[in-house]
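Remarks on the structure that follows.
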Amino acid sequence: MIFFNYPKSIYKLYEKEILKKIKKVLNKGIYSRSEELIKFEKNFSNYINVKYSVGVGNATDSIFLALKSLNVGINDEVITVSHTATGTAIGIANTGALPVFIDVKESDYNIDINLISKAITKKTKAIVVVHLYGQSCDMDHLLKIAKKYKLYVIEDCSQSAGGQYKNKKLGSIGDIGCFSFFPTKNLSAIGDGGILSTNNKKIYEKVKALREYGWDKNRNAKFIGINSRLDELQAGILNIKLKYLDNDNKERNNIANLYLNKIKNDKINLPKKNNFSFHAYHLFVVRCKQRSKLISYLNSNKILAGIHYKLPVHKQKVFIKPKFSLPITEKISKEVTSLPIYPGLKKRDINKIINLINKF
Ligand SMILES: Cc1ncc(COP(=O)(O)O)c(C=O)c1O
C-alpha cells in the first residue's frame, strides 16, 4: 500500500542518528527540560529567525497558550478559518473565546482576507491564520488589516514548518507562530510535540510560565497555567530532523512538481501555487467532483488517499450554528483529496500514481 503520509519513511532516512540520540538521552537520565529542549528551542529560533521559542506538548496547546499570553479569553472573539484541522479552533475555544469562522479562497484554500473586516466586532482580539497544506497566507495584506483594527496575529504553522512568505520563514511574521510536531508533519516527533515562536520577550516569558502550571522561577504559580512540555526525547529527535527539514521540503516540492507537470485529467483539479510562498507541501491536495469514485479506484490499486478536511470545523457538533454557512469551505470539503507526498516516496510509486490518475 502507498500511504498519503508515511512517518516511518522519514524515520528510516535518519534512523542511525535518531537511535544514537535516543540512547544518549536515555543514558543521561534527565528526561524533561534539559539540554535537548534548550538546544532545540535555540535551534528552532535560529532556523525561523525569531528571538524566542517555547517547546510545548502539541499545536492545540500552543494556540491556546499563545492566546492566553495575550489575555484573550471569555467574552472575546478570535477570527479564523473552518477549513482547517479541528485543533486550530479547539485551541481558541479552550481559552473561553469564541472562534469566528470565515471562508477561504478557492485559489489557494487559505483565509479570504477580504472577508475579515466584516467579521470584526468590538470583541475581536486576534486573528489565527492557518498556512494550510504548507502554503503561506497573504501576510502583508493581513498585517495591514490587523494593524488597522489593532488585532493580534497568530500564525498556525502546523502544516508549514520550513515554508516561507516571500523571504521570511512562516511563524516569524505575526505576533506568535504555533507549530505541531505530530508524526505526520513536515517536522515531526515520534509522538506529540509543538512549539511557539515570538520576538516579544513578554510573551515569551508568560508562555514559559503558562506551559508549566503558571510557575515563576521559584516554582511559585503566578498564573493558572497548564502542563504542556516538550520532552527531552522528542526534542532530541527534533534537533536531528530540523537539520534536514529544508532538504525534506525540497523533496516534497520535487514530488509536487512531478504531479503538477504530469497529471493531465479534466476530472482532476490541481492545486495552485500563489506567487509569494515557498510551499512546504505538507499535503498535495487535488479536487475531484467524483471523490469517492477516485478514492475507491486508488484504493483498489493499493494507493491510500486522504481527505483534508471532510467535515468543516463550523459543521462539527460543538461549533455548529443553525443557518451559518461558508460556501467555499463547504464546496471544497466535498472534493478535496490528498495524494501521497513525503520524503522517501519512491519514483516508481510517484509514476504509478500519476499514470493511474491520468487513466481515471
Ligand atoms: C493546521 C493545524 N492546526 C492545528 C493542529 C493541531 O495540532 P496538534 O495535533 O499538534 O495539536 C493541526 C494538526 O493536525 C493542524 O494541521
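Residue numbers count from 1 along this sequence. Numbering of ligands and ligand atoms starts at 1, following listing order.
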Pair Glu77 + Lys122, salt bridge at N-O below 4.0 Å: no
Any Lys/Arg nitrogen of Lys21 or Glu36 sitting under 4.0 Å from an Asp/Glu carboxylate oxygen of the other? yes
Could you say whether the N/O atoms of Val130 and ligand 1 ever approach to under 3.5 Å? no
Report yes if Ser180 has an N/O atom closer than 3.5 Å to an N/O atom of ligand 1; otherwise report no. yes
Is it possible for you to check whether [X] lies under 6.0 Å from the centre of the six-membered ring of [Y], through NZ or CZ, and within 45° of that ring's axis?
{"X": "Lys241", "Y": "Tyr14", "value": "no"}
{"X": "Lys125", "Y": "Tyr152", "value": "no"}
{"X": "Lys206", "Y": "Phe223", "value": "yes"}

Tell me which one of Gly194, Gly91, Gly87, Ala85 gets a heavy atom nearest to atom 12 (C) of ligand 1. Ala85
To which protein heavy atom is [atom] closest, and what is the distance rounded to 0.1 Å?
{"atom": "atom 7 (O) of ligand 1", "result": "Ala59 CB, 3.3 Å"}
{"atom": "atom 5 (C) of ligand 1", "result": "Ser158 OG, 3.8 Å"}
{"atom": "atom 3 (N) of ligand 1", "result": "Asp156 OD2, 2.7 Å"}
{"atom": "atom 6 (C) of ligand 1", "result": "Thr60 OG1, 3.6 Å"}

For ligand 1, the portion of Thr84 having any non-hydrogen atom under 4.0 Å away: side chain
Sub-4.0 Å atoms of ligand 1 with respect to non-hydrogen atoms of Gln159: 1 (C), 16 (O)
Arg291 side chain to Ser333 main-chain N or O, any donor-acceptor pair under 3.5 Å? yes
Quick one: hydrophobic cluster around Tyr213, which other residues, with the 4.5 Å side-chain cut-off, linked directly or via members? Trp215
Is the shortest distance from a heavy atom of Lys185 to ligand 1 less than 4.0 Å? yes
